[in-house]
Amino acid sequence: MTKRIGILTSGGDCAGLNATIRAVALRAHHGHGWTTIGLRYGTLGLLERPVEAVTLDPDRLSAALARQGGTFLGSTNRGDPFAFPMPDGSRKDRSGEMIEGLKQLGLDGLIGVGGDGSLAILRKLLGPSGIPFVGVPKTIDNDVGHTERAVGYSTAVAIATEALDRLQPTGTSHERTMVLEVMGRDAGHIAIAAGIAGGADVVLIPEIRWKLETVVQHIAQLRAVGRTSALVVVAEAAGQSDEAVDPAADAPDHGVGDWLAKRLAKATGAEARATVLGHVQRGAMPTAEDRLLASALGVRAVDLLAEGKGDHMVAWWNRQVIDVPLAKVVGQSRTVDADGTLICTARALGICLGDAV
Ligand code: F6P
């Protein structure tokens, strides 16, 4: 009997999701003779009747799809099945309706592509249904536990690095301090990687307590040896690591990058400008690395279902795909190791991390 598996993308989109969907559907068809059903809008399509889903035709999943950013299935980061936001502002448990939707699709397994929050929710949702579930890690934040890489991270780092490449000449021309605020939620992975690759003078991340004075002194030292501009990268959550930094108090709508640029201009006397990179980091064509990762993880996710190994996540570890029990992954956000290789590299290159002590 032909098996039917489902795939959905959940949480914030990123580059490499289409490549993942393609890899899953191709492996299911060519490797196992299975049909793949694409669920629309994360779990939201499961609330519609009929359920919003499409049968993925392997002949239409050309390599061109792997080049495209976003997810052609759609996604959501606003649909917690257990506390679903209702129009009147209340929250309602709609998990039963979603399970019913899954059953209507007649699925023999489900692959969910998501960050740690989405994977935890999907695991909880699928648990009582008896439908085997396998997770694929994706997020520009790269903070999913037990995997060195999540789909979308490489592309986000490439975009943030390119932004620094572009800010450097204009900063130099106008003798300004250029502050780049990057995403990453509570982790500084994008900031530290792009900061090193893009030649930043200062990188501020939530994992290292920092203070303004250290940054001001570093820029003053650069100026003392003839440098007239500086590149600063700040992770969106970096303000949380120093009680003295409270962007919300001064610039409620503008975030830590704007807050920092204003303070640096005042303290150093040099003009400063802030750029908030925002969703630009999510919307690009995936890098070759993300396409490779998406393909390898997608293929293995299908094989795990074939092996009857549900309740696992595929992961990238030590240059190969492995699988990890989802129970080990949920609730294990992976932040930057403050003593790790990238931090040591940054320090060795003379990059200021704003140390508060
Ligand atoms: O988790 C991915 C991410 O892009 C974070 O880096 C960022 O904090 C958040 O999502 C933005 O969410 P939204 O798309 O809802 O603005």
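Whatever order the structure lists them in is the order used to number ligands and atoms, beginning at 1.
With contacts defined as side-chain heavy-atom distances shorter than 4.5 Å, the pair Arg67/Arg291 qualifies. Between Leu44 and Glu52, the closest side-chain pair of non-hydrogen atoms is not below 4.5 Å. No side-chain heavy atom of Asp93 sits under 4.5 Å from any side-chain heavy atom of Phe84.
What sits closest to atom 12 (O) of ligand 1 on the protein, heavy atoms only, is Arg282 NH1, 3.7 Å. Atom 7 (C) of ligand 1 has Glu236 OE2, 3.4 Å as its closest protein atom, hydrogens excluded (heavy atom only). Nearest protein neighbour of atom 6 (O) of ligand 1, counting heavy atoms only, is Asp141 OD1, 2.7 Å. Among all non-hydrogen protein atoms, the one lying nearest atom 9 (C) of ligand 1 is Arg185 NH2, 3.5 Å. Nearest non-hydrogen protein atom to atom 13 (P) of ligand 1 is His279 NE2, 3.6 Å.
Shown in contact with Asn77 at under 4.0 Å from a heavy atom are these atoms of ligand 1, numbered in order with element: 13 (P), 14 (O), 15 (O).
Cluster annotation: Leu110 and Phe82 are assigned to the same hydrophobic cluster (Ile/Leu/Val/Met/Phe/Trp/Tyr, side-chain heavy-atom contacts under 4.5 Å, transitive).
Considering backbone and side-chain N/O of Ile140, none are found under 3.5 Å from N/O of ligand 1.
Checking His32 against Asp303 by side-chain atom types alone, a donor-acceptor pair falls below 3.5 Å. In summary, the side chains of Ser10 and Ser75 do not present any donor paired with an acceptor at a separation below 3.5 Å, with no hydrogens or angles considered.
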Working note: Arg94 + Leu47, criterion side chain to side chain contact (heavy atoms under 4.5 Å, CB included); need CA distance, chi angles, decisive distance, verdict. CA-CA 8 Å; Arg94 301 189 74 184; Leu47 294 172; 3.6 Å; yes
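At a 4.0 Å cut-off, at least one heavy atom of Gly184 sits close enough to ligand 1 to count as contact.
Contacts between His189 and ligand 1 below 4.0 angstrom, taking non-hydrogen atoms only, are absent altogether.
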